[in-house]
> 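Pasting a structure here, questions to come.
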Amino acid sequence: MRKYLLGLIIGVVFVAYSTILRHQHSEPIIAPGTLSQNSSPIPSNSTNTVNSTPPAPSSTTTAQYKDGTYTGSVENAYYGNVQVSAIIENGKISTVNFLQSPDENPNSIYVNQQADPYLKQEAIQAQSSRVSVVTGATFTSNAFIQSLANALSQATQS
Amino acid sequence: MKQTQLIMGMPITVEVIDIGALKHFKTIFDYFRKVDDRYSTYKQDSEISQINTGLPKSKWSAEMKAVIALCERTRKETYGYFNIAHNGRLDPSGLVKGWAIANAANMLKNKKVNNFYIEAGGDIQASGTGSDRTPWTVGIRNPFNTEEIIKIITIASEGVATSGIYIRGQHIYNPIQPEKALIEVKSLTVIGPNVYEADRFATAAFAMGKKGIEFVETIPGLEAYMVTGDKIATYTSGFDRYVVNA
């Protein structure tokens, strides 16, 4: 039963956390890009978004965690490891840091450098939301949840 | 007409155009549940969990052996970046999702359903056309703002898959190399001849970091769109032909 409760709390915290991040990073939408990486993106007035931000969960569980910094377990995000540390201040999560992320895969790889000149670049830019279906990443978040769950379980132990 | 169910820990959506195809929805969702029962590492009684607790290879199902063989083939094709073995345990989920979507799509085709897409956790297999015989359109999600689309592509019978990290912010940085955040790959979308190919190569190429897009460029039949921390997209030479209003 405690496991389920903890799972629920973590779920709510995760949703809340992502919602907060989303709000914090409502960044300027970038104007049509150039092929040069040196150009500075110019904010535009385009406001095409998919949907309004989903409402924050109403039944927010205000779990009282012990203040401190808690390092979560290393979780396999398939192509690398994800590990987070949670900083608890005044009983609440104030910061979640990524200690390991899949990008920091130390392995090196030989890839044919000939491919480079054929690649093209542009600044990303908001588009119409009128599409049949959306592609995006999902599964890294599982590893994130697992590692954060582990960190928070330490924060609840007395 | 579409339906979404939560299976394998993610929303799975099937959309069809012909009303006659609706009767096959149950078959498709049942199939995904069966896949989950066998390959979920979260289910203690799944075959993969039994394998990870010592089930000898002689007792593996023929399907499991085939899937593990596909994983091994993918490992070799990706310089070892696609690897299902971690801490002595096997987790083929990075391949099973695309594989299962492709199988489900073939099931619909065998039932003479031609116009549909199946999407599971952001990976997509399309077939034919959408409503009014217009092509299926796929939006690539902005890794910095998941409510937003940054690219629209059209596909006919191709598959699309994305690997990435969508959790970021000022809290997520590399304290030793702060500038590294700018070059980190946030998402990598791969278009392939089917979702099985797109998914396994998206998974492996994402693990390669910035080199991943170059790797995809070298593989015939695959195109990719990579977004890095500087909000720049890098894409392969043939990607343009899928882009709407390119």
Side-chain angles (χ1 to χ4, degrees), chain A residues 17-18 21-22 24-27 29-30 33 37 41 48-54 76-80 82 95-98 101-105 107 109-116 118-142 144, chain B residues 9-10 13 15 79 81 86 91 93-94 117 119 121-124 130 136-142 144-152 160-169 171-172 174 184-185 187 189 203-204 206-209 211 213-215 217-218 227 231-237:
Chain A
Y17 178 71
S18 345
L21 276 188
R22 210 169 276 163
Q24 281 180 346
H25 303 285
S26 48
E27 289 148 22
I29 292 148
I30 292 161
Q37 224 174 332
N48 288 323
T49 54
V50 180
N51 273 313
S52 57
T53 307
N76 170 32
Y78 207 75
Y79 33 68
V82 165
T95 304
V96 177
N97 286 317
F98 267 67
S101 82
D103 278 334
E104 288 157 34
N105 198 323
N107 301 329
I109 182 190
Y110 172 76
V111 173
N112 186 356
Q113 295 294 329
Q114 294 300 316
D116 220 0
Y118 302 114
L119 299 174
K120 300 172 191 174
Q121 290 190 318
E122 65 185 10
I124 61 169
Q125 178 193 359
Q127 307 279 318
S128 158
S129 59
R130 298 180 66 174
V131 293
S132 315
V133 58
V134 176
T135 183
T138 48
F139 55 84
T140 314
S141 58
N142 289 332
F144 173 85
Chain B
M10 62 192 166
T13 299
E15 180 164 354
Y79 303 86
Y81 267 82
H86 296 277
D91 180 5
S93 59
Y117 73 77
E119 180 260 329
D123 294 349
I124 300 148
W136 292 113
T137 52
V138 178
I140 297 178
R141 183 172 286 150
N142 184 350
F144 301 101
N145 175 3
T146 55
E147 301 300 309
E148 196 173 271
I149 282 163
I150 50 167
K151 208 72 190 168
I152 302 176
V160 182
T162 300
S163 278
I165 319 177
Y166 286 173
I167 302 155
R168 68 171 283 278
H171 303 317
I172 300 155
N174 182 335
E184 276 179 357
V185 179
S187 80
T189 299
T203 304
F206 183 73
M208 297 175 188
K211 293 275 181 196
I213 189 99
E214 298 173 20
F215 174 67
E217 177 75 49
T218 63
V227 179
K231 298 188 177 174
I232 298 289
T234 305
Y235 50 101
T236 53
S237 55

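Note on naming: letters A, B, ... go to the chains in the order of the sequence lines (proteins, then strands), and numbering restarts at 1 for each one. Side chains included, hydrogens not; waters and symmetry mates left out as well; all remaining heavy atoms used. These figures come from a predicted structure and were not determined experimentally.
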> List the atom of B/G164, the atom of A/A137, and the distance in Å for their closest heavy-atom pair.
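That closest heavy-atom pairing would be N-CB, 3.2 Å.
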> How long is the gap from OG on A/S128 to CD1 on B/I149, to the nearest 0.5 Å?
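Rounded to the nearest 0.5 Å, the OG-CD1 separation comes out at 7.0 Å.
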> Holding to side chain to side chain contact (heavy atoms under 4.5 Å, CB included), I want the full list of residues that pass it with B/T13, two or more places apart in sequence or in another chain.
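Per chain and number, B/T13 pairs via side chain to side chain contact (heavy atoms under 4.5 Å, CB included) with B/K2, B/T4, B/Y117, B/E119.
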> So for B/V138, is it side chain, backbone, both, or neither that comes closer than 4.5 Å to the heavy atoms of chain A?
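Both parts, heavy atoms under 4.5 Å.
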> Heavy-atom distance under 4.5 Å between the side chains of B/I213 and A/L119, does that happen here?
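B/I213 vs A/L119: side chains touch.
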> How close do A/K120 and B/S237 get, counting heavy atoms only, and between which atoms?
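Reported closest heavy-atom pair: NZ-O, 3.7 Å.
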> How many angstroms lie between atom CD of B/E148 and atom CD of A/Q125, to the nearest 0.5 angstrom?
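B/E148 CD to A/Q125 CD: 9.5 Å, rounded to 0.5 Å.
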> What I'd like to find out is whether the side chain of B/F144 reaches to under 4.5 Å of the side chain of A/I124, using heavy atoms alone.
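Yes - at least one pair of side-chain heavy atoms lies under 4.5 Å apart.
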> Go through the atoms of B/I124 and report whether side chain, backbone, both or neither lie under 4.5 Å from a heavy atom of chain A.
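Contact with chain A is through the side chain of B/I124 alone.
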> State, to 0.1 Å, how close B/K151 and A/Q127 come at their nearest heavy-atom pair, and which atoms those are.
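Shortest heavy-atom contact: N-CG, 3.5 Å.
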> For A/T135 and B/T189, does a side-chain donor sit closer than 3.5 Å to a side-chain acceptor?
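No - no donor-acceptor pair under 3.5 Å links their side chains.
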> Just how far is it from atom OH of B/Y235 to atom CD of A/Q121, taken to the nearest 0.5 Å?
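CD of A/Q121 is found 9.0 Å from OH of B/Y235.
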